[in-house]
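Report on one structure; see the data block that follows.
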Amino acid sequence: MAFYVTTPIFYVNAAPHLGHAYTTIAADVVARHHRQRGEEVFFLTGTDEHGEPVALAAEAQGLSPRELADRNAERFKALLPQLHASNDFFIRTSDPEHVAKVQEILQRVHDNGHVYKGMYEGWYCPRCADFKNETEQGPGHTCAIHEIPLTREQEENWFFRLSAFQEQLERLLDDPDFVQPAARRREARAFVAQGLQDVSLTRGKLTWGVQVPWDPSHVFYVWFDALLNYVTALSYAKPGEDLTDTFWGAPTTHLIGKDILKFHTIYWPALLLAAGLDLPHRVFIHGFLLGGDGRKMSKSLGNVLDPFAVIDEYGVDALRFYLMRAVSFGEDGPVSMDGVHQRYSAELANDLGNLASRSIKMVLKYRDGHVPDVDLDPALAADFAGLCEKTGTSLSTFNVSEGLDAIWALVRRLNLYVQDTQPWQLAKDEANAAELDRALASLIEGLRTVSTLLWAWLPAKMDSLLGTLGVEDRTAREFGEGARVRQVGDLDPLFPRIERAEAA
Ligand code: MSP
């Protein structure tokens, strides 16, 4: 089975920040998990390089848009290995292959009769690159997202006949699967219910963009160029092979933040319908990470969590774990360095790190590193029953934190199991050898099960733990199913204790 997951492509007008890391990590967890289920996965990310946000930022820095795009695209590319993102391709919308494909598809939309010339007059946010209707504006014609004055625009543009898709979009947005979580679907549905207006497809005032084939004095409005990346990338990501048939039409999920809901749940499906292309299966909308004080993150409030500082102090897996665990995926929530420290100490170092080191040390000490090949404890097996399936269900619906919670409950269960069985007491008397064998074997099988599943969230640390257990396969398997761990080796501390120098 094939599975396709995408992140939004990031604007190159600024350097990567926590919000970018957040979407990328979540998509990576889901991609890795689907690979663990034996599926053929394609995970796409990249950069959105055209349009006004980039042109304006370049001008402010005395650079050409291309210079700024080249510089910042490199920074976004460099971020991915730092996050341990396993993306299959990195698209840049300035790639000539993307440009040609955008022209081809939008020419088709034009030829299919969905484009006409008209006069645009209205309010525009250059930071969102978005034309705002009355209900989307803040007080006094400001941008509700960026809190900056909107500009009054009047220009002759080519228009996309969005209004013609009113009924089809209503039906699509009535489908509970297409947009999740449900509250976001209702938001999109309410927007459509106001009555859709046609939107500008091109801009005559800009030159930094994809040229319109039937009117070379215009470039395409950046959002249409950008959205099409999800389709165009498949045609050239793999040299000599077109992956479109394999992955476009496979269960496709676009993962996005709530600020770009309208584009992905309204403009995008309408554009695909106009071009005669299949629709994605789902758009999942995550919330916003807020400052530790619960307010919007901003440099001036000093409440910004720097992902690179977390990586430097606690390691990348700690960043991945914290972001997926601290905020219920789909909702807004506060994040802070103090929060990272607490979760790292209590959950990674204590719950998981201790469990792994104690369990392995006991097998080394009492059984010379050989894991007893005996029947597993049925009570523990009962508590583990269906864990992989449960995690899979959560991740299939992008409940990334719910999946992690389910695994963590079993990490804690294993710690209780150590306390209950007290292998060090059993080891004192040979008469308890069988009981000790069963406790150690069950513990290691539990550890194998949770660490294989946790690999999607904590790939580097779990590679090291699974290496100690001699497990090469990363396939998610239920407790007690398939090959058992035979032998354990020495384990370096997974999550060494870290003293926090200063409270943030
Ligand atoms: N270029 C467009 C997307 C085009 S997709 C065809 C764009 N780029 S962006 O760089 O501004 O934002 C990328 C993503 O980062 C968005 O999904 C946005 O929601 C997310 N985040 C930006 N700040 C965020 C937080 N503070 N918290 C969580 N995610 C946030 O929009």
Side-chain angles (χ1 to χ4, degrees), residues 5-27 44-57 68-69 72-73 75-76 79 83 90-94 98 102 125-130 143 145-146 184 209-210 220-233 252-269 271-272 280 283-299 301 303-307 319 322-324 326-336 398 400-401:
V5 60
T6 67
T7 71
I9 47 171
F10 305 119
Y11 281 134
V12 287
N13 53 352
H17 61 61
L18 188 69
H20 306 128
Y22 186 50
T23 317
T24 307
I25 290 170
L44 179 70
T45 187
T47 42
D48 185 355
E49 305 192 358
H50 292 133
E52 207 152 7
V54 177
L56 288 176
L68 181 68
N72 279 340
R75 298 167 84 174
F76 278 97
L79 174 71
L83 297 175
F90 186 94
I91 185 168
R92 296 185 55 181
T93 52
S94 58
H98 168 79
V102 166
C125 172
R127 295 267 295 281
C128 294
D130 189 15
C143 170
I145 296 172
H146 293 106
R184 298 289 168 206
V210 176
F220 285 113
Y221 171 41
V222 64
W223 268 100
F224 289 106
D225 158 9
L227 287 162
L228 279 166
N229 91 90
Y230 301 131
V231 171
T232 64
T252 298
T253 302
H254 300 311
L255 184 57
I256 61 162
K258 61 180 184 177
D259 51 335
I260 50 180
L261 176 80
K262 178 177 76 175
F263 303 102
H264 284 81
T265 60
I266 298 170
Y267 290 15
W268 180 223
L271 183 70
L272 289 165
V283 183
F284 189 95
I285 291 95
H286 65 70
F288 261 50
L289 299 176
L290 307 172
D293 50 7
R295 295 159 79 181
K296 192 172 171 179
M297 266 190 210
S298 91
K299 286 207 180 105
L301 291 173
N303 61 358
V304 174
L305 178 65
D306 175 5
L319 174 71
Y322 176 69
L323 294 181
M324 295 300 112
V327 179
S328 176
F329 201 65
E331 288 165 29
D332 293 350
V335 289
S336 65
F398 269 70
V400 186
S401 1

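Side chains are part of it too, since the values below use all heavy atoms of this structure and drop only hydrogens, waters and symmetry mates. Both ligands and their constituent atoms are indexed starting at 1 by order of listing.
- Close contacts of ligand 1 with G287, meaning ligand atoms under 4.0 Å from a residue heavy atom, involve 28 (C).
- Closest of all the heavy-atom pairs between S336 and L305 is C-CD1, 3.8 Å.
- Under a 4.0 Å heavy-atom criterion, K296 is not in contact with ligand 1.
- Nearest protein neighbour of atom 13 (C) of ligand 1, counting heavy atoms only, is F10 CD2, 3.4 Å.
- Between I9 and ligand 1, an N or O atom pair is found at a separation short of 3.5 Å.
- Assignment of W268 to the shell around ligand 1 is not supported, since no heavy atom sits closer than 4.0 Å.
- Between H264 and Y230, the ring planes lie tilted relative to each other; the angle falls in the 30° to 60° range.
- An N or O contact shorter than 3.5 Å links H20 to ligand 1 by distance.
- Using a 4.5 Å heavy-atom cutoff, the side chains of F288 and D259 are in contact.
- Taking every non-hydrogen atom of A226 and a distance limit under 4.0 Å, the qualifying atoms of ligand 1 come out as 6 (C).
- The distance from the CG atom of D130 to the CD atom of E52 is 11.5 Å, given to the nearest 0.5 Å.
- Taking the side chain as every heavy atom from C-beta outward, V327 and V335 approach each other to under 4.5 Å.
- Of all protein heavy atoms, the one closest to atom 31 (O) of ligand 1 is I260 CG2, 3.6 Å.
- In terms of heavy atoms, A226 sits closest to D48 at CB-OD2, 3.5 Å.
- Between D259 and ligand 1, at least one pair of N/O atoms sits closer than 3.5 Å.
- Of all the heavy atoms of M297, none lies under 4.0 Å from any atom of ligand 1, so neither backbone nor side chain is involved.
- In this structure, the side chains of W268 and L228 come closer than 4.5 Å at one or more pairs of heavy atoms.
- Counting only heavy atoms of the protein, atom 17 (O) of ligand 1 lies nearest to G257 N, 2.9 Å.
- Proximity of a side-chain donor or acceptor of T6 to a complementary backbone N or O of L44 within less than 3.5 Å is not detected.
- Neither the backbone nor the side chain of F263 comes within 4.0 Å of ligand 1, counting heavy atoms alone.
- Residues T93 and H98 bring no donor and acceptor atom of their side chains to less than 3.5 Å of each other.
- Counting protein heavy atoms only, atom 23 (N) of ligand 1 is closest to H17 CE1, 3.6 Å.
- Side chains of I9 and F90 form no contact here, defined as non-hydrogen atoms less than 4.5 Å apart.
- Nearest non-hydrogen protein atom to atom 6 (C) of ligand 1 is Y230 OH, 3.5 Å.
- Aromatic pair Y22/F329: centroids less than 6.0 angstrom apart.
- In terms of polar-atom proximity, Y22 is not counted as a contact of ligand 1, lacking any N or O under 3.5 Å from an N or O of the ligand.
- The protein heavy atom nearest to atom 11 (O) of ligand 1 is Y11 CD1, 3.3 Å.
- The aromatic rings of F398 and F284 sit parallel, their planes meeting at an angle under 30°, below the 60° perpendicular limit.
- Per-residue contacts place D48 under 4.0 angstrom from the following atoms of ligand 1 (heavy atoms of the residue considered): 1 (N), 2 (C), 4 (C).
- Classification of the F224-Y267 ring pair by plane angle, with boundaries at 30° and 60°, yields parallel.
- Closest to atom 25 (C) of ligand 1 among all protein heavy atoms lies F288 CD2, 3.6 Å.
- The nearest heavy-atom contact from the protein to atom 29 (N) of ligand 1 is H286 CE1, 3.3 Å.
- For a threshold of 3.5 Å applied to N or O pairs, the pair formed by L289 and ligand 1 contains at least one separation below that value.
- The closest approach between A14 and ligand 1 stays at or above 4.0 Å for every heavy atom of the residue.
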